[in-house]
Amino acid sequence: MNTTISPQIRILAIVGLLAAVGLGASLLVFGHGSSKTAEPAVTTHATPRSSTTTTPARSKPRTHSTPAKAAPAVKHAAKTHVASPTHAKKTKPAGFRGNRVYATLPRPLQWALAHHKVVVVSLYNPSSDVDAISVAEAHAGAIDAGAGFLLVSVLDNKVAGILTALLPGGGLLPDPGVLVYRAPGDIAIRLDGFADRASVAQAATNVITGQTGPVVSAAAAPATTGTP
């Protein structure tokens, strides 16, 4: 039995065939495109790994170079400390050179005569109230005359004992009393008993101006330079 195909059916068959071919071709094209885009992703991840492994190796030399630069600063600081003691030695004050005094005098009197050409020595007894008034008057008189002042207790053997031994002709020290010494250690005036401010000031002034010579003299002894 012969079958005839109408032209409309033939056209539909041809269109369907072409559609199937086009669909297959499009699938092939999309398949190749997806595979090509996936390959660069692999290379992209490989590049950061190689860079991260090389970065720590370059940073290590930089950490070691930093402490090496600080070493010269320590040597420079040591030089500055060495220079300071030599500068301090140059600023030492000159030694004191006072009046020449007798070496046999007690050291407190030597010190006073080294600083003052005339010294008023006030002799007193610590247990006597009257002697306290005498000491105050003698001290005020010495200040008025511009002379030195030394307070000596007759009970102090280290000072009063030496002064007693140096008195011409022996005897004891006056209590109370005033001895006016002139450098290098001669007794210029001796005042026994209580002496007021004006009397002590006048006696010291006379010795300073040289109006009176030494009444008595201490035992002769080599003169030495007074120590401060």
Side-chain angles (χ1 to χ4, degrees), residues 88 90-228:
K90 295 180 181 179
T91 58
K92 286 184 177 180
F96 173 78
R97 294 182 180 181
N99 303 317
R100 295 177 66 85
V101 299
Y102 293 138
T104 54
L105 296 174
R107 292 190 63 85
L109 184 56
Q110 288 185 27
W111 188 92
L113 287 172
H115 290 77
H116 304 278
K117 291 183 178 180
V118 176
V119 176
V120 175
V121 178
S122 178
L123 304 169
Y124 78 106
N125 189 331
S127 60
S128 174
D129 296 335
V130 178
D131 289 2
I133 300 175
S134 177
V135 168
E137 292 291 320
H139 181 257
I143 294 176
D144 292 343
F149 180 78
L150 179 63
L151 183 62
V152 176
S153 171
V154 294
L155 303 180
D156 186 2
N157 292 328
K158 293 182 179 179
V159 179
I162 298 175
L163 295 180
T164 302
L166 294 176
L167 288 176
L172 299 176
L173 295 174
D175 175 24
V178 172
L179 299 177
V180 182
Y181 281 85
R182 178 168 48 198
D186 297 321
I187 300 177
I189 294 178
R190 171 175 173 170
L191 302 176
D192 293 354
F194 176 81
D196 61 5
R197 176 176 183 173
S199 300
V200 175
Q202 185 61 47
T205 301
N206 291 340
V207 177
I208 292 174
T209 58
Q211 295 181 12
T212 58
V215 177
V216 292
S217 176
T224 59
T225 302
T227 57

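- The two atoms that bring Thr104 and Ile162 nearest to each other are O-CG2, 3.4 Å, heavy atoms only.
- In this structure, the separation between CG on Leu113 and CG on Asn99 is 7.5 Å, given to the nearest 0.5 Å.
- Side-chain contact between Val118 and His116: absent, with no pair of heavy atoms (C-beta onward) separated by less than 4.5 Å.
- No side-chain heavy atom of His139 sits under 4.5 Å from any side-chain heavy atom of Ser122.
- Considering CG of Asp192 and CG of Leu172, their distance stands at 11.0 Å, rounded to 0.5 Å.
- Residues Asp144 and Ala201 come closest through the heavy atom pair CB-CB, 4.0 Å.
- Within the model, atoms CG of Asp196 and CG of Leu191 stand 10.0 Å from one another, a figure rounded to the nearest 0.5 Å.
- For Ala103 against Gln110, the heavy-atom pair with the smallest separation is O-NE2, 3.1 Å.
- The OH atom of Tyr181 sits 9.5 Å away from atom CG of Leu150, with the distance rounded to the nearest 0.5 Å.
- Closest approach of Ala147 and Ile208 over heavy atoms only: CB-CD1, 4.2 Å.
- The shortest non-hydrogen separation linking Leu105 to Pro184 is CD1-O, 3.6 Å.
- Of the listed residues (Leu163, Leu166, Val101), just one forms a side-chain contact (heavy atoms from CB on, under 4.5 Å) with Leu109, and that residue is Leu163.
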Table please: side-chain donor-acceptor pairs of residues 129-138 below 3.5 Å, with sequence neighbours left out.
| unit_1 | atom_1 | unit_2 | atom_2 | d |
| --- | --- | --- | --- | --- |
| Asp131 | OD2 | Asn125 | N | 2.7 |
| Glu137 | OE1 | Arg197 | N | 2.7 |

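- Crowding of Leu155 atom CG: a count of heavy atoms from other residues, nucleotides or ligands under 6.0 Å exceeding 12.
- Ala203 and Val180 get closest at one heavy-atom pair: CB-CG2, 4.5 Å.
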Criterion side-chain contact (heavy atoms from CB on, under 4.5 Å) on Val120 and Val178, from CA distance to verdict: CA-CA 7 Å; Val120 175; Val178 172; 3.7 Å; yes

